[in-house]
Peer 1: 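The structure is given below, and queries will be raised subsequently.
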Amino acid sequence: MVATREPRSAGAPPGRRPPTRRQRENRAGLAYLSPTLIVVLVVVVLPILWTVMLAFQRIRLINVRRAGVFGQYTLANLELVLTSPGFWSSLWTTLVYTVGATVLSIGFGLVAALALRGAFRGRTLVRASVLLPYVAPVVAVTFVWEILLSPQFGLANDWGVRFLGWDRPIAFLSQREYTVSLFGAEVDVPLALLTVIAFEAWRYFPFAFLFLLARLQAVPRELEEAALVDGAAPTQTFRHILLPQLGPVIALLTVLRFIMTFNKFDDVYLLTGGGAGTEVVSVRVYEYLTARFDIGAASAQALVLALGLVALLVVYLRYLAPRVEGDDE
Amino acid sequence: MDRATVETRVFGVLRWVIIAGLVVVTLFPFYYMLLLSLRPIDEVLQNPGRIWAGPAEWTVQTYREVLTPTSRGGQGFLRFLANSAIVSVAATVLTLVVSIPGAYAVTRLRFTGRRQVHFLFLAVYLFPSILLAIPLFVLFTRLGLRGSLFGLTIVYIAQTLPVSIYMLRNYLSTIPISLEEAAAVDGYTRLQTIRKVILPLAAPAVMANALYVFMIAWNEFLFALLFLVEDRADWTVSLGLAQLSGGIEVSKTVLMAGSVVLTLPIVALFFAAERLLTEGLTAGADKG
């Protein structure tokens with residue numbers, strides 16, 4: 001076979017030095033990656049830059065066709081957004097929602113991964129069914145939750161009233177505050193927001209479960225066996241052997257889930273439409289865009305959201321995260 | 001009894017409680033969805049708490065209403081299913097065509113800007129899709145792509161490319177370089193090597209990837225809502241279902257039948273290929 005190989009420089013134009021191996025590799029690399037780069041540039045990077053420009057121009061849907069690079073730049077949108085009623089509370093809601101959903105989904109994912117770690121009959125089936133909430137379409141699962149929690153014909157309320165002795169049905173998705181009496185004290189809890197967080201935890205714990213289980217299965221058996229011989233209790237083994245091994249994956253999951261949840265739109269939109277104290281910023285952006293047709297203000301708002309996320313990530317990676325193993329190659 | 005024995009016993013029991021709890025919590029909503037779609041609506045309203053109905057009570061009227069074309073008074077979900085299938089299959093195939101060479105380049109080839117590429121990919125997920133939606137809405141309107149399934153497909157490709165490349169890269173990096181060198185000695189060009197050596201070896205990762213992209217495209221809602229909402233003929237199943245819920249005189253059981261129609265294809269596909277997906281998606285995670 002070697003004999004049939006063409007000479008390496010056959011394709012090079014005569015009179016020019018044939019490109020070195022390194023140069024050819026460079027070209028091939030860029031060529032292979034170029035379709036990806038073009039798609040990402042056109043559909044992601046350019047739109048982001050454009051949003052930045054739109055955020056500083058007074059543009060509504062009617063005059064967007066005339067908008068260009070050389071428009072009138074102004075800070076009016078930012079001012080409008082930052083001073084508009086409800087913006088800061090919406091940012092706070094986003095933060096509570098994100099932190100709550102991130103922590104709970106990773107926590108449940110960890111418990112599920114630990115429980116499903118060892119082999120048992122039917123494990124493959126159980127593992128697959130645990131992944132279902134993550135795999136199923138968001139529109140379908142939000143509808144089932146809505147129906148399950150409905151005050152009129154929901155299963156949760158029917159059973160709550162019948163078996164748990166609730167006085168009246170609870171409107172899980174449309175009630176802003178719910179008063180709980182705890183040890184005699186009356187506490188107001190943001191009911192709809194908690195329900196939405198619970199939904200996120202339910203829908204995304206499989207994601208954490210998947211990564212944590214994969215990591216758990218790679219922990220060398222000898223480590224745990226040695227701990228067992230030393231008489232370590234399961235909680236001690238977990239604390240001193242498994243947890244350090246899981247640390248990097250948990251840190252990575254925290255970042256991933258935080259980013260994804262912070263930017264989440266469809267779950268909240270479909271469950272509550274942003275009502276009852278669940279108005280996260282992305283839903284607000286959507287409202288500005290579709291109800292007020294105010295593209296400038298919507299862009300400014302989205303920009304503030306993205307900047308807030310970057311700031312939080314920097315703080316997290318800089319001060320809070322256990323060392324994440326970088327992508328170092 | 002010492003602490004280790006006590007804990008081992010407690011967790012031994014607790015583990016089964018948790019497994020049972022997990023199965024109920026994850027499966028029950030889907031079971032309820034299916035059950036409700038089969039029960040007559042007036043019966044559901046009278047007895048919302050029942051979680052069992054025998055085949056004698058079942059009705060397929062809900063499915064008939066959902067699937068019948070609009071011209072004959074139904075909701076026309078068959079049309080939506082076809083749209084979803086077109087968009088998802090196209091997005092899957094095109095994403096793979098673009099990401100396989102890309103993943104190969106990122107894994108194997110040294111080129112200018114190789115390190116920086118990851119930052120570009122991060123941008124896809126760092127910014128909320130609602131932020132991309134505004135300029136894309138304007139851009140696609142100008143290009144006449146808004147309201148076309150093709151425009152939506154392009155967006156899905158961009159949304160899934162980074163994860164796709166990352167997944168493939170994790171797998172490709174486990175294939176020994178010596179195989180490629182052998183292929184080169186045999187006179188294969190680089191593209192031939194990818195097609196005849198790398199792709200067959202990476203088949204599991206490619207399949208898992210295909211499944212992932214298909215799932216994202218099939219389930220997506222926001223861009224479908226923004227781009228396609230004006231023309232009913234273009235709706236995907238997710239969008240059709242969401243619009244159905246806003247409609248008047250649509251009973252909850254019909255809504256559940258639509259949910260089943262939307263969920264069933266993806267769940268069937270998932271169970272058929274579950275092992276592939278779990279292994280392909282987390283191929284790199286066990287490295288720490």
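Letters A, B, ... mirror the listed sequences (proteins, then strands); counts begin at 1.
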Peer 1: Please report the interatomic distance CD1(B:Ile18) to CG(A:Leu116), rounded to the nearest 0.5 Å.
Peer 2: 9.5 Å

Peer 1: For B:Pro135 and A:Pro47, work out which heavy atoms get closest and say how close.
Peer 2: CG-O, 3.1 Å

Peer 1: Name the option with the most non-hydrogen atom pairs under 4.5 Å to chain A; the candidates are B:Leu139, B:Ile266, B:Leu241, B:Leu45.
Peer 2: B:Leu241

Peer 1: Pick one: which of B:Arg114, B:Arg110, B:Arg108 meets salt bridge (Lys or Arg N to Asp or Glu O under 4.0 Å) with A:Glu25?
Peer 2: B:Arg110

Peer 1: Quick check on the interface: out of A:Ala302, A:Ser34, A:Pro137, who has the most heavy-atom pairs with chain B under 4.5 Å?
Peer 2: A:Pro137

Peer 1: Taking B:Thr112's backbone N and O only, do any of them form a donor-acceptor pair with A:Asn26's side chain (distance below 3.5 Å, no angle check)?
Peer 2: yes

Peer 1: What part of A:Leu49 is in contact with chain B, defined as an atom under 4.5 angstrom from a non-hydrogen atom: side chain, backbone, both or neither?
Peer 2: neither

Peer 1: For B:Leu222, is it the side chain, the backbone, both or neither that has a heavy atom under 4.5 Å from a heavy atom of chain A?
Peer 2: both

Peer 1: For a 4.5 angstrom cut-off between non-hydrogen side-chain atoms, does B:Leu132 reach A:Val43?
Peer 2: no

Peer 1: First locate atom CD1 of A:Ile147, then atom OG of B:Ser259, and finally report the distance between them rounded to the nearest 0.5 Å.
Peer 2: 7.0 Å

Peer 1: Considering only heavy atoms, which portion of B:Ile165 lies under 4.5 Å from any heavy atom of chain A: side chain, backbone, both, or neither?
Peer 2: side chain

Peer 1: Considering all heavy atoms of both residues, which atom of A:Ala232 and which atom of B:Ala4 are nearest to each other, and what is their separation?
Peer 2: O-CB, 4.0 Å

Peer 1: With rounding to the nearest 0.5 Å, note down the distance linking CG in A:Leu155 to CG in B:Asn47.
Peer 2: 11.5 Å

Peer 1: If you count heavy-atom pairs within less than 4.5 Å of chain B, which of A:Gln301, A:Gln236, A:Met260 leads?
Peer 2: A:Gln236

Peer 1: Please classify the contact between A:Arg203 and chain B as side chain, backbone, both or neither, with a heavy-atom cut-off of under 4.5 Å.
Peer 2: neither

Peer 1: Between B:Phe11 and chain A, which part of the residue has a heavy atom less than 4.5 Å away: side chain, backbone, both or neither?
Peer 2: side chain

Peer 1: Identify which of A:Val130, A:Leu216, A:Asp266, A:Asn157 forms the greatest number of heavy-atom pairs closer than 4.5 Å to chain B.
Peer 2: A:Val130

Peer 1: Which answer fits A:Leu213, side chain, backbone, both or neither, if we ask what part of it has an atom under 4.5 Å from a heavy atom of chain B?
Peer 2: neither

Peer 1: Does any backbone or side-chain atom of B:Phe140 lie under 4.5 Å from a heavy atom of chain A? Answer side chain, backbone, both or neither.
Peer 2: neither

Peer 1: Over all heavy atoms of both residues, which pair between B:Val25 and A:Trp202 is shortest? Give the atoms and the distance, please.
Peer 2: O-NE1, 3.0 Å

Peer 1: Taking it one step at a time, do A:Phe209 and B:Leu22 satisfy side-chain contact (heavy atoms from CB on, under 4.5 Å)?
Peer 2: CA-CA 12 Å; A:Phe209 160 77; B:Leu22 280 173; over 6 Å; no

Peer 1: List the atom of B:Glu7, the atom of A:Ala233, and the distance in Å for their closest heavy-atom pair.
Peer 2: OE1-CB, 3.2 Å

Peer 1: Heavy-atom pairs under 4.5 Å with chain A: which of B:Val44, B:Leu191, B:Leu239 has the most?
Peer 2: B:Leu191

Peer 1: Side chain, backbone, both or neither: which part of A:Tyr286 has a heavy atom under 4.5 Å from chain B?
Peer 2: both

Peer 1: So what's closer than 4.5 Å to chain B heavy atoms on A:Leu305: side chain, backbone, both or neither?
Peer 2: side chain

Peer 1: State, yes or no, whether a side-chain contact exists between B:Asn219 and A:Tyr134 at a heavy-atom distance under 4.5 Å.
Peer 2: no

Peer 1: If you count heavy-atom pairs under 4.5 Å with chain A, which of B:Ile157, B:Leu109, B:Ile154 comes out on top?
Peer 2: B:Leu109

Peer 1: Going from CZ on B:Phe28 to OG on A:Ser129, what distance comes out if it is rounded to the nearest 0.5 angstrom?
Peer 2: 14.5 Å

Peer 1: Look up atom CD in A:Glu146 and atom NZ in B:Lys252, then write down how far apart they are to the nearest 0.5 Å.
Peer 2: 7.0 Å

Peer 1: Where does A:Val45 contact chain B at under 4.5 Å (heavy atoms): side chain, backbone, both or neither?
Peer 2: side chain

Peer 1: Looking at B:Val267, B:Val260, B:Leu225, B:Val155, which one has more heavy-atom pairs under 4.5 Å with chain A than the rest?
Peer 2: B:Leu225

Peer 1: Show the nearest heavy-atom pair for residues A:Gly118 and B:Arg15, with the distance to one decimal.
Peer 2: O-NH2, 3.3 Å

Peer 1: State, yes or no, whether a side-chain contact exists between B:Phe137 and A:Ile295 at a heavy-atom distance under 4.5 Å.
Peer 2: no

Peer 1: With a 4.5 Å cut-off on heavy-atom pairs, point out which of A:Val285, A:Leu148, A:Val138, A:Val126 contacts chain B the most.
Peer 2: A:Leu148

Peer 1: Quick check on B:Leu27 against chain A: is it the side chain, the backbone, both or neither that has a heavy atom closer than 4.5 Å?
Peer 2: side chain

Peer 1: I want to check something: taking the side chain as every heavy atom from C-beta on, are A:Phe143 and B:Leu262 in contact at a cut-off of under 4.5 Å?
Peer 2: no

Peer 1: Side chain from CB out, backbone as N, CA, C, O: work out which of these in B:Leu226 comes under 4.5 Å of a heavy atom of chain A, or both, or neither.
Peer 2: side chain

Peer 1: Determine whether the side chains of A:Asn263 and B:Ser129 contain a donor N or O and an acceptor N or O closer than 3.5 Å.
Peer 2: no

Peer 1: Name the region of A:Ala136, side chain, backbone, both or neither, that has any atom closer than 4.5 Å to a heavy atom of chain B.
Peer 2: both

Peer 1: Counting only heavy atoms closer than 4.5 Å, note whether B:Leu36 contacts chain A via side chain, backbone, both or neither.
Peer 2: side chain

Peer 1: Under the side chain to side chain contact (heavy atoms under 4.5 Å, CB included) test against A:Pro234, which residue among B:Val10, B:Leu14, B:Val6, B:Thr8 passes?
Peer 2: B:Thr8

Peer 1: With chain B as the partner, which of A:Leu132, A:Val310, A:Val39, A:Ile259 has the greatest number of non-hydrogen pairs under 4.5 Å?
Peer 2: A:Leu132

Peer 1: Given the options A:Phe120, A:Tyr269, A:Phe205, A:Phe108, which has more heavy-atom pairs under 4.5 Å with chain B than any of the others?
Peer 2: A:Phe120

Peer 1: Given heavy-atom pairs under 4.5 angstrom as the criterion, report whether the side chain, backbone, both or neither of B:Ile100 touches chain A.
Peer 2: neither

Peer 1: Closest heavy-atom contact between A:Thr235 and B:Arg3?
Peer 2: OG1-NH2, 2.9 Å

